[in-house]
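Model, not experiment: these values are computed from the prediction. Note on naming: letters A, B, ... go to the chains in the order of the sequence lines (proteins, then strands), and numbering restarts at 1 for each one.
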Amino acid sequence: MFTLAAWNINSIRTRLPLLLSWLKERTPDIVLLQETKVIDDQFPSEEIENLGYNIAMYGQKSYNGVAILSKFPIEDVTQGIPGFEDDQARYLEAVIKGMRVASVYVPNGMAVGSDKYAYKLDFLKHLYLHTQTLLTYDEAFVMGGDFNIAPSDLDVYDPEEWHEKILCSTAEREAFRSLLYLGLTDALRALHPNEKELYTWWDYQRGSWQNNFGLRIDHFLLSPQAADLLKEVSVDKQMRDVEKASDHAPVLCKLEL
DNA sequence: ATGGTAGGTGCCCTA
(Lines give C-alpha, C1' and ligand atoms only; values in the text may rest on other atoms or scores of the structure.)
Protein backbone atom coordinates (compact mmCIF):
# COMPACT_ATOMS: atom_id res chain seq x y z
CA MET A 1 0.00 0.00 0.00
CA PHE A 2 1.13 3.45 -0.93
CA THR A 3 -0.08 6.46 1.06
CA LEU A 4 -0.40 9.97 -0.28
CA ALA A 5 -1.46 12.95 1.81
CA ALA A 6 -2.58 16.47 0.94
CA TRP A 7 -2.47 19.13 3.62
CA ASN A 8 -2.83 22.88 3.72
CA ILE A 9 -0.42 23.36 6.60
CA ASN A 10 -0.83 27.15 6.95
CA SER A 11 2.86 28.00 7.55
CA ILE A 12 5.34 25.14 7.60
CA ARG A 13 7.60 26.99 10.05
CA THR A 14 4.87 27.48 12.66
CA ARG A 15 3.59 23.94 12.11
CA LEU A 16 6.97 22.16 11.86
CA PRO A 17 6.84 20.25 15.19
CA LEU A 18 3.31 19.10 14.35
CA LEU A 19 4.34 18.10 10.81
CA LEU A 20 7.30 16.08 12.07
CA SER A 21 5.28 14.17 14.67
CA TRP A 22 2.52 13.56 12.12
CA LEU A 23 5.03 12.24 9.54
CA LYS A 24 6.41 9.84 12.16
CA GLU A 25 2.95 8.65 13.13
CA ARG A 26 1.34 8.31 9.69
CA THR A 27 4.47 7.63 7.61
CA PRO A 28 2.93 8.79 4.31
CA ASP A 29 4.98 8.01 1.20
CA ILE A 30 4.12 11.29 -0.49
CA VAL A 31 2.87 14.54 1.05
CA LEU A 32 1.44 17.42 -0.98
CA LEU A 33 1.66 20.60 1.08
CA GLN A 34 -0.01 23.97 0.53
CA GLU A 35 0.41 27.37 2.16
CA THR A 36 3.97 26.72 3.29
CA LYS A 37 4.38 30.53 3.47
CA VAL A 38 8.16 30.44 3.18
CA ILE A 39 10.82 31.18 0.58
CA ASP A 40 12.83 28.16 -0.55
CA ASP A 41 16.00 29.31 1.27
CA GLN A 42 14.18 29.25 4.60
CA PHE A 43 12.31 25.96 4.10
CA PRO A 44 13.03 23.62 7.07
CA SER A 45 14.49 20.92 4.82
CA GLU A 46 16.93 19.29 7.21
CA GLU A 47 14.41 18.15 9.83
CA ILE A 48 12.20 16.66 7.12
CA GLU A 49 15.06 15.02 5.24
CA ASN A 50 16.15 13.43 8.52
CA LEU A 51 12.87 11.48 8.48
CA GLY A 52 13.79 10.05 5.08
CA TYR A 53 11.97 12.42 2.76
CA ASN A 54 13.08 14.04 -0.47
CA ILE A 55 11.66 17.51 -1.03
CA ALA A 56 10.54 19.60 -3.98
CA MET A 57 9.39 23.12 -3.18
CA TYR A 58 8.01 26.21 -4.79
CA GLY A 59 7.73 28.99 -2.26
CA GLN A 60 7.46 32.74 -1.97
CA LYS A 61 7.51 35.32 0.80
CA SER A 62 4.56 35.51 3.24
CA TYR A 63 1.85 33.89 1.14
CA ASN A 64 1.03 30.69 -0.75
CA GLY A 65 3.86 28.22 -1.35
CA VAL A 66 3.57 24.52 -2.24
CA ALA A 67 5.83 21.54 -1.65
CA ILE A 68 6.07 17.81 -2.24
CA LEU A 69 7.66 15.44 0.27
CA SER A 70 8.50 11.94 -0.92
CA LYS A 71 10.16 8.81 0.44
CA PHE A 72 11.09 8.01 -3.18
CA PRO A 73 13.20 10.05 -5.61
CA ILE A 74 11.48 13.08 -7.13
CA GLU A 75 11.94 13.66 -10.86
CA ASP A 76 10.81 16.08 -13.53
CA VAL A 77 9.74 18.97 -11.27
CA THR A 78 7.57 21.73 -12.76
CA GLN A 79 6.89 24.97 -10.88
CA GLY A 80 3.67 26.73 -11.81
CA ILE A 81 0.99 25.66 -14.28
CA PRO A 82 2.66 25.41 -17.71
CA GLY A 83 1.28 28.09 -20.02
CA PHE A 84 -0.04 30.24 -17.16
CA GLU A 85 1.74 33.47 -16.28
CA ASP A 86 1.42 33.67 -12.47
CA ASP A 87 3.53 35.42 -9.83
CA GLN A 88 1.99 33.35 -7.01
CA ALA A 89 3.48 29.98 -5.98
CA ARG A 90 0.45 27.70 -6.17
CA TYR A 91 1.27 24.69 -8.32
CA LEU A 92 4.06 22.11 -8.17
CA GLU A 93 4.21 18.98 -10.28
CA ALA A 94 6.66 16.08 -10.27
CA VAL A 95 7.06 12.43 -11.21
CA ILE A 96 7.57 9.90 -8.41
CA LYS A 97 7.87 6.15 -9.05
CA GLY A 98 6.53 6.70 -12.54
CA MET A 99 3.42 8.43 -11.20
CA ARG A 100 2.79 12.11 -11.86
CA VAL A 101 1.72 14.08 -8.78
CA ALA A 102 0.76 17.72 -8.33
CA SER A 103 0.34 19.87 -5.22
CA VAL A 104 -2.28 22.53 -5.90
CA TYR A 105 -3.30 25.61 -3.96
CA VAL A 106 -6.21 27.20 -5.79
CA PRO A 107 -6.75 30.90 -4.94
CA ASN A 108 -9.35 31.58 -2.27
CA GLY A 109 -11.10 34.25 -4.34
CA MET A 110 -12.10 36.44 -1.37
CA ALA A 111 -15.61 37.36 -2.60
CA VAL A 112 -17.70 36.54 -5.65
CA GLY A 113 -17.20 39.26 -8.27
CA SER A 114 -13.91 40.57 -6.85
CA ASP A 115 -10.60 40.80 -8.72
CA LYS A 116 -9.37 37.85 -6.67
CA TYR A 117 -12.41 35.87 -7.78
CA ALA A 118 -11.58 36.58 -11.44
CA TYR A 119 -8.01 35.42 -10.76
CA LYS A 120 -9.36 32.24 -9.15
CA LEU A 121 -11.48 31.42 -12.21
CA ASP A 122 -8.53 32.20 -14.50
CA PHE A 123 -6.28 29.90 -12.46
CA LEU A 124 -8.91 27.14 -12.67
CA LYS A 125 -9.20 27.59 -16.43
CA HIS A 126 -5.46 27.08 -16.85
CA LEU A 127 -5.49 24.16 -14.44
CA TYR A 128 -8.19 22.66 -16.67
CA LEU A 129 -6.19 23.22 -19.86
CA HIS A 130 -3.04 21.73 -18.38
CA THR A 131 -4.92 18.74 -16.94
CA GLN A 132 -6.40 18.14 -20.39
CA THR A 133 -2.85 17.84 -21.74
CA LEU A 134 -1.69 15.58 -18.90
CA LEU A 135 -4.58 13.19 -19.40
CA THR A 136 -3.49 12.54 -22.98
CA TYR A 137 -0.39 10.82 -21.52
CA ASP A 138 -2.57 7.95 -20.22
CA GLU A 139 -0.58 7.63 -17.00
CA ALA A 140 -1.34 7.47 -13.30
CA PHE A 141 -1.71 11.07 -12.26
CA VAL A 142 -2.75 12.39 -8.85
CA MET A 143 -3.59 16.03 -8.19
CA GLY A 144 -4.16 16.93 -4.56
CA GLY A 145 -4.49 19.99 -2.43
CA ASP A 146 -6.62 22.92 -1.36
CA PHE A 147 -9.04 23.68 -4.21
CA ASN A 148 -10.99 26.25 -2.18
CA ILE A 149 -14.20 24.84 -3.67
CA ALA A 150 -16.94 22.88 -1.92
CA PRO A 151 -18.20 20.83 -4.89
CA SER A 152 -21.80 20.41 -3.68
CA ASP A 153 -24.15 21.36 -0.86
CA LEU A 154 -23.40 17.97 0.74
CA ASP A 155 -19.91 19.37 1.36
CA VAL A 156 -21.14 22.37 3.36
CA TYR A 157 -22.41 22.49 6.98
CA ASP A 158 -24.98 25.17 6.19
CA PRO A 159 -25.72 25.34 2.43
CA GLU A 160 -28.21 28.18 2.85
CA GLU A 161 -25.73 30.40 4.64
CA TRP A 162 -23.12 29.64 1.97
CA HIS A 163 -25.46 29.88 -1.04
CA GLU A 164 -23.52 31.54 -3.92
CA LYS A 165 -20.82 32.64 -1.45
CA ILE A 166 -17.12 32.25 -2.13
CA LEU A 167 -16.06 28.54 -2.14
CA CYS A 168 -19.62 27.58 -3.13
CA SER A 169 -20.58 29.77 -6.10
CA THR A 170 -21.92 28.24 -9.30
CA ALA A 171 -18.98 29.32 -11.47
CA GLU A 172 -16.47 27.74 -9.06
CA ARG A 173 -18.47 24.52 -8.85
CA GLU A 174 -18.74 24.42 -12.63
CA ALA A 175 -14.97 24.81 -12.93
CA PHE A 176 -14.46 21.96 -10.47
CA ARG A 177 -16.98 19.79 -12.31
CA SER A 178 -15.22 20.45 -15.64
CA LEU A 179 -12.08 18.94 -14.14
CA LEU A 180 -14.08 15.84 -13.24
CA TYR A 181 -15.65 15.73 -16.70
CA LEU A 182 -12.15 15.49 -18.17
CA GLY A 183 -12.05 12.08 -16.52
CA LEU A 184 -10.68 12.75 -13.04
CA THR A 185 -12.14 11.02 -9.98
CA ASP A 186 -12.91 12.93 -6.77
CA ALA A 187 -11.41 10.27 -4.50
CA LEU A 188 -13.08 11.22 -1.20
CA ARG A 189 -16.55 11.44 -2.71
CA ALA A 190 -16.05 8.35 -4.87
CA LEU A 191 -15.48 6.15 -1.82
CA HIS A 192 -17.89 8.03 0.48
CA PRO A 193 -20.70 8.97 -1.91
CA ASN A 194 -23.41 9.94 0.59
CA GLU A 195 -21.40 10.68 3.72
CA LYS A 196 -22.43 13.85 5.47
CA GLU A 197 -20.09 16.07 7.47
CA LEU A 198 -17.13 14.93 5.37
CA TYR A 199 -15.22 18.18 5.85
CA THR A 200 -11.56 19.16 5.50
CA TRP A 201 -11.59 22.80 6.62
CA TRP A 202 -13.00 24.56 9.65
CA ASP A 203 -12.55 28.33 9.99
CA TYR A 204 -10.52 29.59 12.95
CA GLN A 205 -13.40 31.96 13.67
CA ARG A 206 -16.77 31.47 15.38
CA GLY A 207 -15.64 28.26 17.09
CA SER A 208 -16.09 26.50 13.77
CA TRP A 209 -14.22 23.36 14.82
CA GLN A 210 -16.09 23.01 18.11
CA ASN A 211 -19.41 23.52 16.28
CA ASN A 212 -18.41 21.39 13.28
CA PHE A 213 -18.97 24.31 10.90
CA GLY A 214 -16.90 22.64 8.18
CA LEU A 215 -16.53 22.54 4.40
CA ARG A 216 -14.94 19.96 2.11
CA ILE A 217 -12.54 22.05 0.01
CA ASP A 218 -9.39 19.88 -0.05
CA HIS A 219 -9.44 17.16 -2.67
CA PHE A 220 -7.61 14.31 -4.34
CA LEU A 221 -8.37 14.09 -8.05
CA LEU A 222 -7.19 10.93 -9.79
CA SER A 223 -6.64 10.06 -13.43
CA PRO A 224 -8.38 6.82 -14.55
CA GLN A 225 -5.12 4.89 -14.19
CA ALA A 226 -4.70 6.18 -10.62
CA ALA A 227 -8.38 5.70 -9.76
CA ASP A 228 -8.03 2.01 -10.65
CA LEU A 229 -5.50 1.75 -7.79
CA LEU A 230 -7.61 3.60 -5.20
CA LYS A 231 -8.18 1.62 -2.00
CA GLU A 232 -8.96 4.06 0.81
CA VAL A 233 -9.29 7.76 1.37
CA SER A 234 -9.99 9.61 4.62
CA VAL A 235 -9.76 12.93 6.43
CA ASP A 236 -7.25 12.97 9.30
CA LYS A 237 -9.55 15.01 11.57
CA GLN A 238 -7.37 14.43 14.63
CA MET A 239 -4.94 16.98 13.23
CA ARG A 240 -7.60 19.70 13.42
CA ASP A 241 -8.11 18.99 17.12
CA VAL A 242 -4.57 19.57 18.39
CA GLU A 243 -2.97 22.68 19.88
CA LYS A 244 -1.85 25.13 17.20
CA ALA A 245 -3.72 23.20 14.48
CA SER A 246 -3.89 24.31 10.87
CA ASP A 247 -7.42 25.28 9.85
CA HIS A 248 -7.26 22.37 7.37
CA ALA A 249 -7.05 18.66 8.18
CA PRO A 250 -4.89 16.41 5.98
CA VAL A 251 -6.55 14.11 3.45
CA LEU A 252 -5.02 10.62 3.26
CA CYS A 253 -5.26 8.59 0.07
CA LYS A 254 -4.11 4.95 -0.20
CA LEU A 255 -3.29 3.33 -3.52
CA GLU A 256 -2.48 -0.29 -4.32
CA LEU A 257 0.85 0.22 -6.01
C1' DA B 1 -24.88 44.43 9.69
C1' DT B 2 -20.79 42.97 11.94
C1' DG B 3 -17.14 40.46 13.99
C1' DG B 4 -14.94 36.69 15.25
C1' DT B 5 -9.19 34.00 14.72
C1' DA B 6 -4.68 32.98 12.77
C1' DG B 7 -0.09 33.70 10.26
C1' DG B 8 3.35 36.72 8.40
C1' DT B 9 4.89 41.22 8.04
C1' DG B 10 6.23 45.70 9.51
C1' DC B 11 2.50 50.11 11.09
C1' DC B 12 -2.05 45.67 7.24
C1' DC B 13 -2.74 41.78 3.92
C1' DT B 14 -4.64 37.20 3.13
C1' DA B 15 -7.44 33.62 4.45
Side-chain angles (χ1 to χ4, degrees), chain A residues 6-22 32-45 47-48 57-67 80 86-92 103-124 127 144-151 155-158 160-169 171-173 175-176 199-219 235-251:
Chain A
W7 190 13
N8 180 322
I9 195 166
N10 187 16
S11 172
I12 194 167
R13 286 177 294 178
T14 292
R15 223 70 64 198
L16 185 61
L18 193 59
L19 174 65
L20 295 174
S21 63
W22 176 77
L32 311 174
L33 294 172
Q34 299 82 43
E35 281 211 271
T36 52
K37 293 187 173 177
V38 68
I39 58 171
D40 294 350
D41 286 349
Q42 290 173 25
F43 195 97
S45 301
E47 294 93 329
I48 294 167
M57 61 186 86
Y58 181 34
Q60 66 175 88
K61 194 180 171 187
S62 306
Y63 306 118
N64 312 312
V66 281
D86 192 359
D87 56 5
Q88 302 190 20
R90 296 178 173 277
Y91 182 89
L92 185 64
S103 177
V104 188
Y105 178 43
V106 174
N108 170 282
M110 193 175 71
V112 174
S114 66
D115 288 355
K116 292 194 177 75
Y117 184 71
Y119 166 59
K120 180 179 197 172
L121 295 179
D122 199 31
F123 182 96
L124 288 164
L127 186 62
D146 178 2
F147 285 73
N148 270 315
I149 301 171
D155 304 308
V156 183
Y157 68 95
D158 186 346
E160 283 177 32
E161 185 189 326
W162 283 83
H163 179 72
E164 291 301 335
K165 295 271 168 50
I166 199 67
L167 314 184
C168 298
S169 73
E172 293 166 76
R173 285 179 168 177
F176 186 82
Y199 307 139
T200 64
W201 171 77
W202 297 258
D203 202 323
Y204 283 126
Q205 303 178 70
R206 289 175 288 178
S208 297
W209 170 248
Q210 289 73 16
N211 293 301
N212 199 23
F213 296 161
L215 277 78
R216 188 174 73 96
I217 59 174
D218 300 86
H219 309 293
V235 180
D236 197 352
K237 282 173 72 172
Q238 274 179 283
M239 293 308 288
R240 186 62 184 83
D241 203 34
V242 298
E243 281 291 307
K244 295 279 275 178
S246 165
D247 45 351
H248 297 252
V251 183

Pairs under 3.5 Å (N/O, protein and nucleotides 2-6 of chain B):
from	atom 1	to	atom 2	distance (Å)
dG4(B)	N9	Gln205(A)	OE1	3.1
dG4(B)	N7	Gln205(A)	OE1	3.4
dG4(B)	N1	Gln205(A)	OE1	3.4
dG4(B)	N3	Gln205(A)	OE1	3.0
dT5(B)	O4'	Tyr204(A)	O	3.4

Without decimals, in angstroms, what is the distance between [X] [atom1] and [N] [atom2]?
X	N	atom1	atom2	value
Gln42(A)	dT9(B)	CD	C1'	12 Å
Gln34(A)	dG7(B)	CD	P	17 Å
Ile9(A)	dG8(B)	CD1	C1'	15 Å
Asp247(A)	dG8(B)	CG	P	12 Å
Tyr119(A)	dT14(B)	OH	P	12 Å
Lys165(A)	dA15(B)	NZ	P	18 Å
Glu35(A)	dG7(B)	CD	P	11 Å
Lys120(A)	dT14(B)	NZ	C1'	13 Å

State which of dA15(B), dG8(B), dT9(B) makes the closest approach to the side chain of Lys61(A). dT9(B)
Nearest-neighbour nucleotide for the Arg13(A) side chain, dT9(B), dG7(B), dT14(B) considered: dT9(B)
Quick one: label Arg90(A) by what it contacts on the DNA or RNA (base, sugar-phosphate, nothing), any heavy atom closer than 4.0 Å. sugar-phosphate
Have a look at Phe213(A) and say if it touches a base, only the backbone sugar-phosphate, or nothing, with a 4.0 Å heavy-atom cut-off. nothing
Taking atom [atom1] as the centre, does [X] end up with more than 12 heavy-atom neighbours from other residues, nucleotides or ligands that are less than 6.0 angstrom away?
X	atom1	value
Gln238(A)	CD	no
Glu161(A)	CD	yes
Asp158(A)	CG	yes

Side chains of Asp146(A) and Gln34(A) only: does a donor on one sit below 3.5 Å from an acceptor on the other? no
Measuring from atom CD of Glu47(A) to atom CD1 of Ile12(A), what distance do you get when rounded to the nearest 0.5 angstrom? 9.5 Å
Please give the distance between the [atom1] atoms of [N] and [M] as a whole number of Å.
N	M	atom1	answer
dG10(B)	dA6(B)	P	22 Å
dC12(B)	dA1(B)	C1'	23 Å
dT2(B)	dG7(B)	C1'	23 Å
dT5(B)	dT9(B)	P	22 Å

Pairwise 5' ranking along DNA chain B for Ile12(A) and Lys116(A), keeping only the more 5' one: Ile12(A)
Does Asp236(A) form a side chain to side chain donor-acceptor pair (under 3.5 Å) with Trp22(A)? I'd like the steps, not just the answer. CA-CA 10 Å; Asp236(A) 197 352; Trp22(A) 176 77; 2.8 Å; yes
Test Lys120(A) against Asn108(A) for side chain to side chain donor-acceptor pair (under 3.5 Å), laying out the working first. CA-CA 7 Å; Lys120(A) 180 179 197 172; Asn108(A) 170 282; 5.9 Å; no
Filter on salt bridge (charged side-chain N to carboxylate O under 4.0 Å, His left out), then keep only pairs touching residues 241-250 of chain A, sequence neighbours left out; what's left? none
Side-chain N or O of Ser62(A) less than 4.0 angstrom from OP1 or OP2 on dT9(B)? yes
